[in-house]
Student: 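What follows is a single structure, and I will ask about it in a moment.
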Protein chains: 2
Amino acid sequence: MSLAADSADKPTLYKRIRADIEKRILTGEWPPGHRIPFEHELVARYGCSRMTVNKALSELAQADLIERRRRAGSFVRRPQHQSAVLKIADIRAEITALGRGYGYELISRKLRAATAVDRERLGVRKAGKVIAISCRHSADNVPFAVEDRLIDLSSVPSAATADFSREPPGSWLLHHVPWTEAEHTISAIVADDRTAEALDIAIGAPCLVIDRYTWRSARTITAVRLLYPGDSHRLVARFKGG
Amino acid sequence: MSLAADSADKPTLYKRIRADIEKRILTGEWPPGHRIPFEHELVARYGCSRMTVNKALSELAQADLIERRRRAGSFVRRPQHQSAVLKIADIRAEITALGRGYGYELISRKLRAATAVDRERLGVRKAGKVIAISCRHSADNVPFAVEDRLIDLSSVPSAATADFSREPPGSWLLHHVPWTEAEHTISAIVADDRTAEALDIAIGAPCLVIDRYTWRSARTITAVRLLYPGDSHRLVARFKGG
DNA sequence: TACGATTATATGTCTAGACATATAAGTCAA
DNA sequence: TTGACTTATATGTCTAGACATATAATCGTA
């Protein structure tokens with residue numbers, strides 16, 4: 001019944017208040033829509049100032065666990081946006097993390113003025129230079145994914161001199177272009193003859209396709225298409241809060 | 001040069017401070033590793049109390065945009081975990097949001113004691129009752145996805161009396177089971193004869209597979225496998241933060 | 001009954017202090 | 001040079017107030 005935990009704690013008071021409330025929400029004791037105690041009630045219960053309680057509630061609100069409404073109170077939020085955190089690591093890091101030997105092979109690299117197709121793929125209007133890269137990643141010498149990438153040189157001029165024969169472009173970009181936004185589109189296809197050969201699978205075998213479009217501050221950086229053998233590779237996403 | 005915006009603003013001061021800093025980070029003006037001004041410097045710059053600055057910085061820290069280190073200062077964070085927010089809406093909501101007509105068809109519903117296969121799929125040890133559901137979702141009368149679901153009745157007893165002939169189990173669960181965690185595995189297969197018929201596609205056509213495993217507080221709730229036609233359906237994920 | 005004005009109230013923001021604490025940096029001795 | 005000790009400092013938390021503001025509830029009126 002009592003909110004306050006009397007045990008001697010290391011965590012600070014506002015963190016304890018936040019954890020207490022979070023626990024009640026996560027266990028379902030306070031279901032979506034439930035009104036949590038008013039600030040002044042929590043102040044009385046924990047014997048602290050309003051700012052301390054306010055900090056705890058503000059953080060819960062920032063984490064979308066509760067919703068605060070003036071005059072009405074604070075309420076447990078309904079699982080609103082069913083979303084998942086999809087971990088799409090840099091492929092080299094991903095393979096290394098699995099404890100497998102990473103292999104990289106540059107198939108082609110072309111620096112050219114952007115064609116109409118390039119511009120459409122990057123979603124830009126102005127003509128400029130681009131780098132088109134095709135490469136293959138492998139794990140323990142087994143093909144893992146083939147990559148087909150376009151980099152907008154006007155956004156990332158330094159890419160022109162990067163050595164993509166040794167370092168995969170995804171890894172290079174990750175370390176040279178900070179704070180990007182991206183959009184992923186996931187779909188499935190069956191392997192055509194070229195894809196089948198590159199991935200060493202049968203023609204007609206299923207492939208998982210990830211199209212990623214990356215930008216920073218409304219500025220296109222790169223567009224990439226990744227093809228994985230569909231039956232071997234798995235994307236794992238964990239989500240919380242829905 | 002000046003951090004302060006002199007224009008008459010609606011937003012409160014701490015929000016303006018936060019936005020100012022966020023902008024500098026997102027534009028790359030303050031790259032990863034850059035030390036942002038000390039609290040006392042911002043206090044001087046904005047002419048406010050330390051608590052106001054502290055609130056702005058605390059929120060940036062909670063959003064993982066900056067890292068705060070005692071005695072050292074606050075630093076722009078490196079794009080650390082390459083992750084994406086994958087929106088996987090409830091299928092009915094997803095189709096409705098697209099402005100298309102939603103159709104639902106219950107194929108089978110069985111209430112049974114959990115078999116060994118069921119227990120393994122749910123990741124539970126104890127035997128108990130489960131509901132096995134097979135159903136199909138359609139958009140404008142075109143098959144959209146087929147669903148094969150298992151619900152652990154010991155976790156969700158009320159599911160036993162739910163009417164799944166009219167409401168899809170995913171929607172029902174979303175509204176009756178709050179705050180869950182889930183793990184998604186995405187892969188690709190080619191359609192076998194049964195799948196091909198259910199989705200009205202050719203045998204051997206690509207299919208996108210989502211396996212979702214949902215629990216709450218270490219308690220399994222449901223395991224579901226969704227099959228989408230691979231060339232028509234697209235999962236879109238946006239991510240932000242490196 | 002329906003609508004408009006008033007009021008009460010919970011949250012939102014802010015201040016000017018305080019003490020705690022982790023730790024970078026400097027100091028000094030072995 | 002290395003290690004141990006000290007100190008300065010930036011952040012972390014907290015208080016006891018204040019006024020602002022959105023809005024649910026109430027009351028009065030058409």
Side-chain angles (χ1 to χ4, degrees), chain A residues 3-22 24-25 30 32-78, chain B residues 3-22 24-25 30 32-78:
Chain A
L3 263 175
D6 293 17
S7 60
D9 289 302
K10 318 166 215 175
T12 55
L13 181 53
Y14 96 85
K15 280 183 181 162
R16 218 182 75 215
I17 299 173
R18 174 159 64 74
D20 284 350
I21 296 170
E22 197 168 334
R24 282 178 151 76
I25 295 174
W30 288 349
H34 177 90
R35 186 181 66 70
I36 72 175
F38 294 131
E39 290 190 352
H40 71 262
E41 296 176 301
L42 293 168
V43 161
R45 182 119 54 177
Y46 286 94
C48 62
S49 84
R50 209 190 121 212
M51 278 302 290
T52 302
V53 166
N54 185 277
K55 178 158 180 149
L57 296 182
S58 294
E59 289 197 1
L60 288 170
Q62 206 191 336
D64 268 344
L65 233 70
I66 66 171
E67 186 189 349
R68 312 198 73 199
R69 291 206 300 270
R70 274 182 151 122
R71 166 74 210 244
S74 303
F75 301 83
V76 177
R77 285 200 67 150
R78 199 158 286 288
Chain B
L3 264 175
D6 292 18
S7 60
D9 289 302
K10 317 164 214 177
T12 55
L13 181 52
Y14 96 86
K15 279 183 181 162
R16 217 181 75 215
I17 300 174
R18 174 159 64 74
D20 283 350
I21 296 170
E22 196 168 335
R24 281 178 153 75
I25 294 174
W30 287 348
H34 177 91
R35 187 182 65 69
I36 73 175
F38 293 130
E39 289 190 352
H40 67 83
E41 295 176 300
L42 293 169
V43 161
R45 182 123 50 178
Y46 287 95
C48 61
S49 85
R50 207 190 122 212
M51 278 302 290
T52 301
V53 165
N54 184 278
K55 178 158 181 148
L57 296 182
S58 293
E59 289 197 2
L60 289 170
Q62 205 191 337
D64 267 345
L65 233 70
I66 66 170
E67 186 188 349
R68 312 199 72 200
R69 291 206 300 271
R70 273 181 154 125
R71 166 72 212 244
S74 303
F75 301 84
V76 177
R77 283 201 68 150
R78 199 157 289 285

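Below, chains carry the letters A, B, ... as their sequence lines are ordered, and counting in each starts from 1.
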Student: NA contact type, B:S58, heavy-atom cut-off 4.0 Å: base, sugar-phosphate, or nothing?
Tutor: nothing
Student: To check you understand the geometry: which heavy-atom pair defines the closest contact between B:A56 and B:R18, and what is its length?
Tutor: CB-N, 3.9 Å
Student: Measure the CG-CD1 distance between B:D20 and B:I36 for me, rounded to the nearest 0.5 Å.
Tutor: 11.5 Å
Student: Mind checking salt bridge (Lys or Arg N to Asp or Glu O under 4.0 Å) for A:R68 and listing every partner two or more places apart, or none if nothing turns up?
Tutor: A:E39
Student: Pick the closest DNA chain D nucleotide for B:M51 and for A:R50 by heavy atoms, then say which residue is nearer the 5' end.
Tutor: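 On the 5' side of the pair lies B:M51.
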Student: Could I get a table of every N or O pair under 3.5 Å where one atom is in the protein and the other is in nucleotides 23-25 of chain D?
Tutor:
residue, atom, partner, partner atom, Å
D:dA24, N3, A:R71, NH1, 2.8

Student: Taking any atom closer than 4.0 angstrom to a non-hydrogen atom of chain A, what span of DNA chain C does the protein reach, first nucleotide to last?
Tutor: C:dA8 to C:dC14
Student: Can you tell me how far apart CD1 (B:I66) and CD (B:E59) are? Round to the nearest 0.5 Å.
Tutor: 10.5 Å
Student: If you round to the nearest 0.5 Å, how far is NE2 of B:H40 from CZ of B:R50?
Tutor: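 Between atom CZ of B:R50 and atom NE2 of B:H40 there are 10.0 Å.
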Student: Check every strand shown and say whether B:L57 touches a base, only sugar-phosphate, or nothing at a heavy-atom separation below 4.0 Å.
Tutor: nothing
Student: First locate atom CG of A:L42, then atom CG of A:L57, and finally report the distance between them rounded to the nearest 0.5 Å.
Tutor: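 Between atom CG of A:L42 and atom CG of A:L57 there are 6.0 Å.
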Student: Grab the two heavy atoms, one from B:V43 and one from B:C48, that are nearest each other, plus how far apart they are.
Tutor: CG1-O, 3.0 Å
Student: Could you report the tightest heavy-atom contact between A:R35 and A:A72, atom names first, then the distance?
Tutor: CD-O, 3.7 Å
